[in-house]
Amino acid sequence: MRCPYCRHPDSRVVDSREAEDGQLIRRRRSCPECGRRFTTVEEAVLAVVKRSGVTEPFSRLKIISGVRKACQGRPVDDDALAVLAQRVEETVRARGAAEVPSHEVGLAILGPLRELDEVAYLRFASVYRSFDSLGDFEREIAALRADREERASGREVAAATSG
């Protein structure tokens with residue numbers, strides 16, 4: 001790392017710390033030439049590989065804008081969309097790969113969106129999974145109902161055992 005003061009091409013790391021839940025690394029550095037100290041911030045770049053093969057940086061804003069379209073007219077606020085985008089990024093980064101196929105990003109959106117708003121989930125899933133018939137919607141709605149009933153019966157069992 002080049003010293004920002006004297007432009008010496010090397011520096012020594014004095015201290016390293018994680019920031020923002022491990023997304024960033026702050027390094028305190030010292031220049032062996034001029035002796036001054038400075039801080040650098042390193043961030044692991046996460047790239048998304050599109051179907052066409054084009055690679056672009058991961059963007060929470062892009063997630064939010066895509067999901068916002070599915071949420072149009074639904075009672076979903078901007079804070080909820082920001083939290084969803086953060087969850088998607090955490091899920092994708094947890095895979096540990098520097099490059100992630102766009103398909104995996106889409107899959108990472110489906111779970112949190114399903115929890116957030118079922119109608120928006122159906123809209124997004126219908127485009128993402130290329131629904132071509134009423135049967136596709138019917139199967140997805142049946143799966144949503146089964147999941148809802150499973151969660152409800154799980155709450156009833158938990159309430160019965162705690163009381």
Side chains of [X] and [Y] in contact at under 4.5 Å (non-hydrogen atoms):
| X | Y | answer |
| --- | --- | --- |
| Ile63 | Phe58 | yes |
| Leu113 | Cys71 | yes |
| Ile25 | Val41 | no |
| Val127 | Lys69 | no |

Next on the checklist: Please determine whether side-chain contact (heavy atoms from CB on, under 4.5 Å) holds for the pair Val100 and Arg93, giving the CA-CA distance in whole Å, both sets of side-chain angles, and the decisive distance to 0.1 Å.
Outcome noted: CA-CA 9 Å; Val100 179; Arg93 282 191 185 274; over 6 Å; no
Item to check | Those residues that, when tested against Thr91, pass side-chain hydrogen bond (donor to acceptor under 3.5 Å, both in side chains) (two or more places apart) | outcome: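 By the side-chain hydrogen bond (donor to acceptor under 3.5 Å, both in side chains) rule, Thr91 matches no residue at all.
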Next on the checklist: I'd like to check the side-chain hydrogen bond (donor to acceptor under 3.5 Å, both in side chains) partners of Arg139; sequence neighbours left out, ordered by chain and number.
Outcome noted: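 Partners of Arg139 under the side-chain hydrogen bond (donor to acceptor under 3.5 Å, both in side chains) test: Asp136.
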Checklist entry - Hey, is the main chain of Met1 close enough, under 3.5 Å, to the side chain of Ser11 for a donor-acceptor pair? => result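 Confirmed, Ser11 side chain pairs with Met1 backbone.
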Checklist entry - Between Tyr128 (side chain) and His103 (backbone), is there a donor-acceptor pair under 3.5 Å? => result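 Answer holds: yes.
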Checklist entry - Taking it one step at a time, do Val48 and Thr55 satisfy side-chain contact (heavy atoms from CB on, under 4.5 Å)? => result CA-CA 6 Å; Val48 177; Thr55 302; over 6 Å; no
Next on the checklist: Below 30° counts as parallel, above 60° as perpendicular, anything between as tilted: where do the rings of Phe137 and Phe131 land?
Outcome noted: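 Phe137 vs Phe131 ring planes: perpendicular.
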Next on the checklist: Just to verify, what does Arg12 make a salt bridge (Lys or Arg N to Asp or Glu O under 4.0 Å) with, not counting sequence neighbours?
Outcome noted: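 Once residues adjacent in sequence are excluded, Arg12 has no partner under the salt bridge (Lys or Arg N to Asp or Glu O under 4.0 Å) criterion.
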Item to check | From CA spacing to verdict: salt bridge (charged side-chain N to carboxylate O under 4.0 Å, His left out), Asp147, Arg145 | outcome: CA-CA 5 Å; Asp147 186 50; Arg145 284 190 175 129; over 6 Å; no
Item to check | From CA spacing to verdict: salt bridge (charged side-chain N to carboxylate O under 4.0 Å, His left out), Glu118, Arg148 | outcome: CA-CA 10 Å; Glu118 291 176 338; Arg148 184 188 288 170; 2.2 Å; yes
Next on the checklist: I'd like to know if Glu56 pairs up with Lys62 as an ion pair, taking the criterion as any Lys NZ or Arg NE/NH1/NH2 lying under 4.0 Å from an Asp or Glu carboxylate oxygen.
Outcome noted: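 A salt bridge links Glu56 with Lys62.
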Checklist entry - Taking 4.0 angstrom as the limit, do Arg87 and Glu115 come out as a salt bridge? => result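 Between Glu115 and Arg87 there is a salt bridge, with a charged N closer than 4.0 Å to a carboxylate O.
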Item to check | Qualifying residue, where the test is side chain to side chain donor-acceptor pair (under 3.5 Å) with Thr40 and the options are Arg28, Arg27, Arg29 | outcome: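 Considering Arg28, Arg27, Arg29, a side chain to side chain donor-acceptor pair (under 3.5 Å) with Thr40 is found only for Arg29.
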Next on the checklist: Counting only heavy atoms from other residues, nucleotides and ligands, does the tally under 6.0 Å from CZ of Arg26 exceed 12?
Outcome noted: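 No.
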